[in-house]
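Everything on this sheet refers to the single structure shown next.
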Amino acid sequence: MKLDRMIGILSILLQQEKVTAPYLAEKFEVSRRTINRDIEALCMAGIPLVTEQGQQGGVSIMEGYCIDRTLLSRTDLQAILEGLRSLDSVSGTSRYAQLMEKLSAGSSNLLAGDMHILIDLSSWHKTSLPPKIELLHQAILSGHRVSFTYFAPRGESRRTVEPYDLIFQWANWYLWAWCAWREDFRLFKLVRMMDLQMEGEFKRRTVPIPNLSPERVFPPQYQVKARVRAEFQWRLVEEYGPESFTVEPDGSLLFSAGFMDKISIVSWIVSFGAGAELLEPGELRRDVLAFAEGIREKYL
């Protein structure tokens, strides 16, 4: 929508001293002519934008101009405050609560806040996770490398990376960074990182936007079909959604979804006990049997 795009352009101009029209066009996936019309509309709305031509040119907000925060509606401000409140659940500090107080100063009636929306981004790792986030955030802001021991399914390794972004996705925290070992950008799960150390400074690279689509990060290698007892319907809905299965005439559930690897398939199936049967891939039925036999031998 045009209004959303104009607000986005204004937000960028508030954060950066000067940007070019081609940059904005690429950012919002529209033509340069559309960006020029948006800039004209912002000027007509009373926002004094300055356009400079030439190699060092670009679009900027007139120096010394302050935007009245009343441009934001009550709903907008409440949404901002809810987001700030949720960040304290991660950092373990009251930094964002203090920022909320600054934003609401003199406008207590406007910024009463919506206490009916409670967001807690913390995890089971409430003790170990906040220090990692704080250290990585400082490293990102100051441009310092970070080294750590990383525990992955393929084994343990020591990594040194150039950190660029902290990402909250799939109910977990990740670091988007350039890995010196892999010589490429990688996504690292914070709970798998241990013994973090801040290292020397680095020269920032051009950072690509990470593709966080499930198909890219968790590419399915196997298409699984399984018959699951009706009593486990809640699990299928919670883990894969109601579209992942159909109800059979006998009341059982015919499940279908993609999995990354054999270990994930076997461990998921056996987690149901006798409540699920793997139908496809057929060659993995023996793996499930071997897994079950291994457990049986331990408890004989």
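- At a threshold of 4.5 Å between side-chain heavy atoms, the hydrophobic network of Ile, Leu, Val, Met, Phe, Trp and Tyr places Leu141 and Ile133 in two separate groups.
- In terms of heavy-atom proximity, Val270 sits nearest to Ser267 at CG2-O, 3.3 Å.
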Discussion item. Show, in sequence, the C-alpha distance, side-chain angles and deciding distance for Leu13 and Ile9, and conclude whether the side-chain contact (heavy atoms from CB on, under 4.5 Å) test is met.
Written reply: CA-CA 6 Å; Leu13 291 174; Ile9 292 173; 4.0 Å; yes
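- Stacking of Arg186 on the aromatic ring of Trp178 is not recorded, the 6.0 Å distance cut-off and the 45° axial limit not both being met.
- More than 12 heavy atoms of other residues, nucleotides or ligands sit less than 6.0 Å from atom CG of Leu279.
- No side-chain heavy atom of Leu253 sits under 4.5 Å from any side-chain heavy atom of Thr246.
- Proximity of a side-chain donor or acceptor of Tyr23 to a complementary backbone N or O of Gly58 within less than 3.5 Å is not detected.
- Screening residues 143-161 for salt bridge (Lys or Arg N to Asp or Glu O under 4.0 Å), with sequence neighbours left out, gives no hits.
- The closest donor-acceptor contact from the side chain of Lys132 to the backbone of Leu190 lies under 3.5 Å.
- Nearest heavy atoms, Gln169 versus Tyr174: O-CE1, 3.3 Å.
- There is a side-chain donor-acceptor pair under 3.5 Å between Glu199 and Ser147.
- Criterion: ILVMFWY side-chain heavy atoms under 4.5 Å apart, direct or through other members. Under it, Val228 and Leu254 are not part of a common hydrophobic cluster.
- Both Val207 and Phe202 belong to a common hydrophobic cluster when Ile, Leu, Val, Met, Phe, Trp and Tyr are linked at side-chain heavy-atom distances under 4.5 angstrom.
- By the 6.0 Å contact criterion, CE on Met194 is open, its count of non-hydrogen atoms from other residues, nucleotides or ligands being 12 or less.
- Side-chain contact between Ser256 and Gln223: present, with at least one pair of heavy atoms (C-beta onward) separated by less than 4.5 Å.
- The two residues Met198 and Ser142 make their nearest non-hydrogen contact at SD-OG, 4.5 Å.
- Nearest heavy-atom pair, Ser60 versus Glu52, reported as atom, atom and distance to 0.1 Å: OG-OE2, 4.5 Å.
- Within the 3.5 Å criterion, the main-chain N or O of Val30 finds no donor-acceptor partner in the side chain of Thr34.
- The backbone N or O of Ile167 lies less than 3.5 Å from no partner atom in the side chain of Asp165, so there is not a single donor-acceptor pair.
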Between Phe245 and Val237, does a side-chain contact (heavy atoms from CB on, under 4.5 Å) hold up when you go through it step by step?
CA-CA 9 Å; Phe245 64 90; Val237 171; 3.9 Å; yes
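- Counting heavy atoms of neighbouring residues, nucleotides and ligands inside a 6.0 Å radius, atom CD of Glu183 does not exceed 12 of them.
- Ring geometry, Trp268 versus Tyr240: the interplanar angle exceeds 60°, so the pair is classed perpendicular (tilted spans 30 to 60°).
- Counted within 6.0 Å of NZ on Lys262, heavy atoms from surrounding residues, nucleotides or ligands total 12 or fewer; the atom is thus considered open.
- Contact annotation: the side chain of Glu238 approaches that of Trp234 to within less than 4.5 Å [non-hydrogen atoms, C-beta and beyond].
- Transitive grouping of hydrophobic side chains (ILVMFWY, heavy atoms separated by less than 4.5 Å) brings Leu212 and Phe185 into a common cluster.
- Minimum heavy-atom separation, Met193 to Leu136: CE-CD1, 4.0 Å.
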Report the C-alpha separation of Phe232 and Leu236 in whole Å, then their side-chain angles, then the decisive distance to 0.1 Å, and conclude whether the side-chain contact (heavy atoms from CB on, under 4.5 Å) test is met.
-> CA-CA 7 Å; Phe232 293 105; Leu236 300 185; 5.5 Å; no
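- Using a 4.5 Å cut-off between side-chain heavy atoms of Ile, Leu, Val, Met, Phe, Trp and Tyr, with links allowed through other members, Val146 and Phe151 fall into different hydrophobic clusters.
- Around atom CD of Glu283, more than 12 heavy atoms belonging to other residues, nucleotides or ligands sit under 6.0 Å away.
- Shown here for Ile12 and Lys27, the closest heavy-atom pair between the two residues is CD1-CG, 4.0 Å.
- Side-chain atoms of Tyr164 come within 3.5 Å of backbone atoms of Arg205 as a donor-acceptor pair (strictly under, hydrogens ignored).
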Yes or no on side-chain contact (heavy atoms from CB on, under 4.5 Å) for Arg285 and Glu277, after CA distance, side-chain angles and deciding distance?
CA-CA 9 Å; Arg285 289 173 62 91; Glu277 178 189 0; 3.2 Å; yes
